[in-house]
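Written out below as structure tokens is the structure these notes cover.
Below, all heavy atoms of this structure are taken into account, side chains as well, without hydrogens, waters or symmetry copies. Keep in mind it's a predicted model, so treat the numbers as computed, not measured.
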Amino acid sequence: MRLRFEEEYIEAFFTGLTLLFFLISLKYEIAWIGAYVFGSIFTLKSTVESLREKRVDVDLLMLLGAYGAAYIGKFHEGAFLLFLFNLGSTFERFAFKISRDSLKGLLSLRPEKALVLKNDQWEEVPVEEIRAGDTILVKAGERVPVDAEIVEGRASIDLSLITGEYMPEFNKEGDRVVSGALVIDGSLKLRALGGIKESSLEKIIQLVTQAQGLKSKTQTLAEWIGQKYTLAVLLTLPLVYGLFYLILKDHSQAFYRLLIHLVVASPCAFVISTPLTVMSAIASAARKGILFKGGAVVEELHEVKWVALDKTGTITKGKPRLKEVRVLCGCHTEDEILTIAASLERNITHPVAEAITSSAREKNLKSLDFKDVSYKLGYGVSGRLNGNIWEVVSARERTESGIVLSVKRDGMDEAILILEDELKEGAKESIQRLKEMGYRVVMISGDRRRNVESIAKAVGIDEFVAEASPEDKLRKIEELSKNGGCCMVGDGINDGPALAAATFGIAMGTLASDVALDTSDVNILSDNINLLPKAFEISKKSYGIILQNIVISLGSVVLMILLNLFGVINILFGVIGHEGTTVLVALNGLRALFLK
């Protein structure tokens, strides 16, 4: 990039002046001077900056071509060359601007001001002044300014512009909400967990911005080749001139062909073939809730052979759900048993207890007043009701993929509760899509073999590793990484070592996880597993666009050099072909913005 972001409009203005003076020169020849002056401003500026850094770039080639044309009396051709080159450069800058502007959706999620409680009064203050512990009021239709905890109120929260998840979430007292979340209904009184610089949204914006600046291997190679190639074109000019002079036996004709060679041999399109595509792909993925950590990840993710998935929290929801209440005698109904179990479990913080009490709340079952309630870790909970001792305890029996609890009265089994870890919506379809794309999918879990095997069958995974310790999981990932490359998919915290050891690590549901945002190569902000194959598709399609651009740019250079060698094209055709290829490559790269 040879211009600052704000300068594309200025360059467009001077490009317009160049065109104006070129058209005037068709009637009043002296006007070609104006075309040269305005057409040289940005090109000369870039050339001087590059030479100061001991580099040569295509701008120098274009200047030599334009002023060489003036030297042999081809003023109009030189002016037209400067116009088209500046036009192509302007288009290139606007293409990059479009790619960058695609992230404005994230930037717009940051409100400028917020209502903060100060001296028992609500004051509207800039969000930059919010500090940890401040009390904030967010009304319906407003966005949460910083990461915060709900201290009062309930509301539906829309995170679609951050995570790509379009279903609103219901939040209540004690829940954490992240910056940028839209309050759909109700109002919330929040306690700030930090300032705007520590917010999840700010970190996401910084990560995406940094990722767009990280170069892929192809981009680095293209820039290196572009530099060396441009230098080679300059150093071989005497040889090229000599060749044309031997063929044409005329200095003017040989010099004219040399000028055409300067124009058509310029690697403009090749240099931008990769970065624009990578930037567009990163921006497109970010809008869907997928954060790529740099161009290398975008370009190379699809090349791995293995995709290894953790079970809990990745394929399954990671929270038990009450699947069935099975009454063993005719003394009680299912709702009565559930009421008894939920009443005993209501003050227990264990996930199993939460599953039982949540099921009771969904059915609007009223709680019973048990006496002498006690909880024994690893066994269960007991309490006294109407002279009877009721217990909810672990049963020896287990289902293929879940837990069985026994509900006892005075030591006798009255019913059993069956809980299972529920599959995420779209888990089976997502894994099938990965297999169709040619990836070998393996599940690695520390859970019991029977549970892991059941989940694997349910989602169509043929290979799995069960009862794996963290060390076992790490060794397996290292083995797969050496055998064709492995992408590890996990929660970003418990799977940290495995994510780091894999060729690439993908952390899911990482919106509120600083660890995952910092350590993994790809972050899927929501728990939506359907975005997993989407990340691989974006990588694969983006790489395909990069290859297309490389073929188009290099093929165009070779073709026009040959056409010039045989005297088929003039300088105007060469300029149009050169700039047309640059525009075509830029447009093709922008397609990555709209990958589905």
Side-chain angles (χ1 to χ4, degrees), residues 304-324 350-352 355 377-378 394-405 416-435 438-509 516 520 524 527 529-530 532-533 536:
V304 300
K305 177 181 178 182
W306 298 88
V307 178
L309 300 101
D310 181 43
K311 177 179 73 71
T312 306
T314 303
I315 297 175
T316 66
K317 292 183 177 179
K319 294 181 179 179
R321 178 185 64 89
L322 182 62
K323 180 182 179 183
E324 182 182 352
H350 194 280
V352 171
L377 184 65
S394 298
R396 293 182 180 179
E397 177 188 359
R398 291 182 67 93
T399 66
E400 286 189 343
S401 60
I403 302 168
V404 176
L405 301 178
I416 59 173
L417 307 178
I418 301 174
L419 297 94
E420 290 188 344
D421 190 359
E422 193 175 3
L423 288 175
K424 287 184 177 180
E425 294 180 8
K428 183 175 182 179
E429 293 77 10
S430 297
I431 289 166
Q432 181 60 33
R433 178 62 187 139
L434 288 172
K435 292 168 71 174
Y439 299 106
R440 295 185 64 175
V441 182
V442 58
M443 181 167 62
I444 306 176
S445 174
D447 201 357
R448 296 169 182 262
R449 179 179 178 84
R450 183 168 55 179
N451 293 358
V452 176
E453 185 176 9
S454 173
I455 295 295
K457 287 181 179 178
V459 296
I461 294 178
D462 302 319
E463 303 175 63
F464 62 88
V465 178
E467 301 178 9
S469 66
E471 293 78 12
D472 294 334
K473 186 178 291 189
L474 186 59
R475 280 193 293 269
K476 184 64 176 179
I477 293 300
E478 289 175 343
E479 174 191 332
L480 296 178
S481 295
K482 294 176 183 178
N483 184 25
C486 173
C487 178
M488 173 65 194
V489 186
D491 61 15
I493 302 174
N494 297 329
D495 299 308
L499 288 169
T503 311
F504 293 105
I506 298 181
M508 292 194 62
S520 55
I524 296 178
D527 286 317
I529 194 173
N530 295 296
L532 179 58
F536 286 90

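- When all heavy atoms are compared, the tightest approach of I431 to G460 is CG2-O, 4.5 Å.
- For E479, the salt bridge (charged side-chain N to carboxylate O under 4.0 Å, His left out) partners are K476, not counting sequence neighbours.
- Taking all atoms of both residues into account, the shortest heavy-atom contact from N483 to W306 is O-NE1, 3.0 Å.
- Shown here for I529 and S430, the closest heavy-atom pair between the two residues is O-OG, 3.3 Å.
- Of the candidates K457, K311, R449, F464 forms a side-chain contact (heavy atoms from CB on, under 4.5 Å) with just one, namely R449.
- The closest side-chain heavy-atom distance from V459 to M443 is not below 4.5 Å.
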One pair to check against side-chain contact (heavy atoms from CB on, under 4.5 Å): F536 and C487. What are the steps and the verdict? CA-CA 10 Å; F536 286 90; C487 178; 3.8 Å; yes
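- Applying the salt bridge (charged side-chain N to carboxylate O under 4.0 Å, His left out) test to K428 and every residue at least two apart in sequence or in another chain returns nothing.
- When side chains are defined from C-beta on, I461 does not count as touching V442, because their heavy atoms never get closer than 4.5 Å.
- In this structure a side-chain-to-backbone donor-acceptor pair under 3.5 Å is present from T503 to C486.
- With S454 contributing its side chain and R450 its backbone, the two residues share no donor-acceptor pair below 3.5 Å.
- Between the NZ atom of K424 and the CD1 atom of I315 there is a distance of 9.0 Å, given to the nearest 0.5 Å.
- Using a 4.5 Å heavy-atom cutoff, the side chains of L309 and L532 are in contact.
- How far CD of E425 is from NZ of K317: 5.5 Å, rounded to the nearest 0.5 Å.
- For the pair R433/N530, no side-chain contact is recorded, criterion being any heavy-atom separation below 4.5 Å from C-beta on.
- Under a cut-off of 6.0 angstrom, the local environment of CD in E463 is crowded, with over 12 non-hydrogen atoms contributed by other residues, nucleotides or ligands.
- Here the side chains of V465 and D472 are not in contact, with every heavy-atom distance at 4.5 Å or above.
- The structure places OG1 of T314 at 10.5 Å from CD1 of I506, a figure rounded to the nearest 0.5 Å.
- The distance from the NZ atom of K323 to the CD1 atom of I418 is 7.0 Å, given to the nearest 0.5 Å.
- Here the straight-line distance linking atom CZ of R475 with atom CD1 of I444 works out to 12.0 Å at 0.5 Å rounding.
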Going through the checks in order, is the side-chain contact (heavy atoms from CB on, under 4.5 Å) test met by I416 and E324? CA-CA 8 Å; I416 59 173; E324 182 182 352; over 6 Å; no
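- A distance of 11.5 Å separates CG in L322 from CD in E422, rounded to the nearest 0.5 Å.
- Around atom NZ of K435, more than 12 heavy atoms belonging to other residues, nucleotides or ligands sit under 6.0 Å away.
- A search for salt bridge (charged side-chain N to carboxylate O under 4.0 Å, His left out) contacts involving E478 returns nothing, not counting sequence neighbours.
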